[in-house]
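Here's the structure we're looking at; comments come further down.
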Amino acid sequence: MTMAQADLSTLIKHVLDDIRVEYKDEFDRNFERQAFFTEAWQRRKSPTRPGGAILIDTGALRRSFNVTTSANAIEFSYSKEYAAIHNEGGTIKVTERMKHYFWHKYYEAQGGFGRKKNGERRNDKRTRQLSTVAEFWKYMALKKVGSEIKIPRRQFVGYSPIVEQTVRQIIEESLTDYFENFEIITK
């Protein structure tokens, strides 16, 4: 390998590393923006976490994002199997296991109701909110096995003109730096 080839492969490695770091930061910021750059995510319809951040319950999806580079490529991956359905949207079929989970959440929500001394439910804000949450889980639990739940597209990774512009900028800056420090040696 000649010196010029070594310099070129080092340049490509640095460019890919810069793009990897920038991508990781930008795609992570999509969770903060609750949008794919400027395209806002659809608000949630369920009352389970009103006003809560979209796609961030435990933060596991956000933390599962990984970016790796090879000699000439950048690869994005997620360790969570449900990442693709949220990123691309689609439908999922209700399973028996899901129904058990929905019933569990229903009973869990009902157990949190505030009660008066005589056992009746309180009519305070928290109890009304829990009542709405319990009704949502009951509705989900009563769905038939095999019925479909529509998951809206909430893209957080992928192509965007903003991404393309950033990649071009990184490449141009790297090439400019390279040629500013380039020396021609004659013998």
Side-chain angles (χ1 to χ4, degrees), residues 7-95 97-98 101-102 105 109 129 132-133 135-137 139-140 143 147-182:
D7 284 350
L8 188 58
S9 68
T10 302
L11 173 66
I12 291 171
K13 182 183 179 323
H14 285 296
V15 167
L16 289 175
D17 284 342
D18 289 347
I19 292 170
R20 176 184 55 82
V21 168
E22 188 65 29
Y23 265 158
K24 181 138 174 86
D25 290 346
E26 283 301 322
F27 291 150
D28 188 60
R29 278 190 220 120
N30 285 334
F31 285 93
E32 294 169 15
R33 290 186 276 259
Q34 296 190 32
F36 184 62
F37 297 99
T38 57
E39 181 186 327
W41 291 340
Q42 180 180 335
R43 300 303 306 167
R44 63 176 71 224
K45 293 179 183 172
S46 85
T48 56
R49 290 185 335 123
I54 301 170
L55 293 186
I56 301 176
D57 189 16
T58 64
L61 175 62
R62 186 177 185 178
R63 286 190 307 273
S64 74
F65 179 57
N66 193 25
V67 185
T68 55
T69 56
S70 63
N72 60 354
I74 300 172
E75 182 181 332
F76 304 97
S77 61
Y78 279 87
S79 60
K80 296 296 179 190
E81 64 279 354
Y82 53 85
I85 192 76
H86 286 296
N87 194 52
E88 298 157 17
T91 58
I92 56 173
K93 292 199 182 291
V94 174
T95 64
R97 184 174 181 200
M98 290 167 74
Y101 175 75
F102 297 150
K105 295 301 280 183
Q129 171 62 32
T132 306
V133 170
E135 289 303 313
F136 168 77
W137 288 118
Y139 168 78
M140 295 300 286
K143 284 185 166 285
S147 63
E148 293 184 340
I149 299 172
K150 186 176 185 286
I151 307 294
R153 180 179 189 217
R154 293 185 176 120
Q155 187 175 7
F156 43 88
V157 174
Y159 171 78
S160 164
I162 296 169
V163 170
E164 183 178 337
Q165 179 184 0
T166 304
V167 169
R168 285 180 190 270
Q169 183 179 358
I170 289 170
I171 292 170
E172 287 172 6
E173 288 173 3
S174 296
L175 286 173
T176 301
D177 289 347
Y178 177 76
F179 285 114
E180 283 177 357
N181 297 318
F182 188 77

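Residue Y23 holds its OH atom at 10.5 Å from CG of L16, rounded to the nearest 0.5 Å. How far OH of Y178 is from CD1 of I12: 10.0 Å, rounded to the nearest 0.5 Å. One finds the CG atom of D17 at 10.5 Å from the OG atom of S174 (value rounded to the nearest 0.5 Å). The structure places CD of E135 at 12.5 Å from OH of Y139, a figure rounded to the nearest 0.5 Å. To the nearest 0.5 Å, the span separating CZ on F36 from CG on N30 amounts to 6.0 Å. The distance from the NZ atom of K80 to the NE2 atom of H86 is 11.5 Å, given to the nearest 0.5 Å.
Smallest separation of non-hydrogen atoms from Q155 and W41: O-NE1, 2.8 Å. Of all heavy-atom pairs between A83 and F156, the closest is O-CZ, 3.6 Å. Considering every non-hydrogen atom in both K150 and T91, the closest pair reads CA-CG2, 4.1 Å. Between A40 and A35 the shortest heavy-atom distance is CA-CB, 3.5 Å.
Within 6.0 Å of atom NZ in K13, 12 or fewer heavy atoms from other residues, nucleotides or ligands are found, so the atom counts as exposed in its surroundings. In Y82, the OH atom is crowded: over 12 heavy atoms of neighbouring residues, nucleotides or ligands sit closer than 6.0 Å.
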Do F136 and F102 pass the side-chain contact (heavy atoms from CB on, under 4.5 Å) test, and can you show the C-alpha distance, the side-chain angles, and the key distance before you say yes or no? CA-CA 9 Å; F136 168 77; F102 297 150; over 6 Å; no
Hey, mind stepping through F31 and F65 against ring pair (Phe, Tyr, Trp, His ring centres under 6.0 Å) and telling me if it holds? CA-CA 11 Å; F31 285 93; F65 179 57; 8.2 Å; no
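The shortest distance between side-chain heavy atoms of V67 and F27 does not fall below 4.5 Å.
Residue pairs that meet the salt bridge (charged side-chain N to carboxylate O under 4.0 Å, His left out) test with at least one member in residues 31-42, sequence neighbours left out, are E26-R33, E32-R62.
A salt bridge does not link K24 to D28: none of the charged nitrogens lies less than 4.0 Å from a carboxylate oxygen.
Of the candidates V15, I170, L11, L175 forms a side-chain contact (heavy atoms from CB on, under 4.5 Å) with just one, namely L11.
Side-chain contact annotation: Q34 with R43, donor-acceptor N/O pair under 3.5 Å present. Side-chain atoms of E173 and Q169 include a donor-acceptor pair closer than 3.5 Å.
In this structure, R20 contributes its side chain and T68 its backbone to no donor-acceptor pair below 3.5 Å.
Contacts of E164 classified as salt bridge (Lys or Arg N to Asp or Glu O under 4.0 Å), with partners at least two apart in sequence or in another chain: R168.
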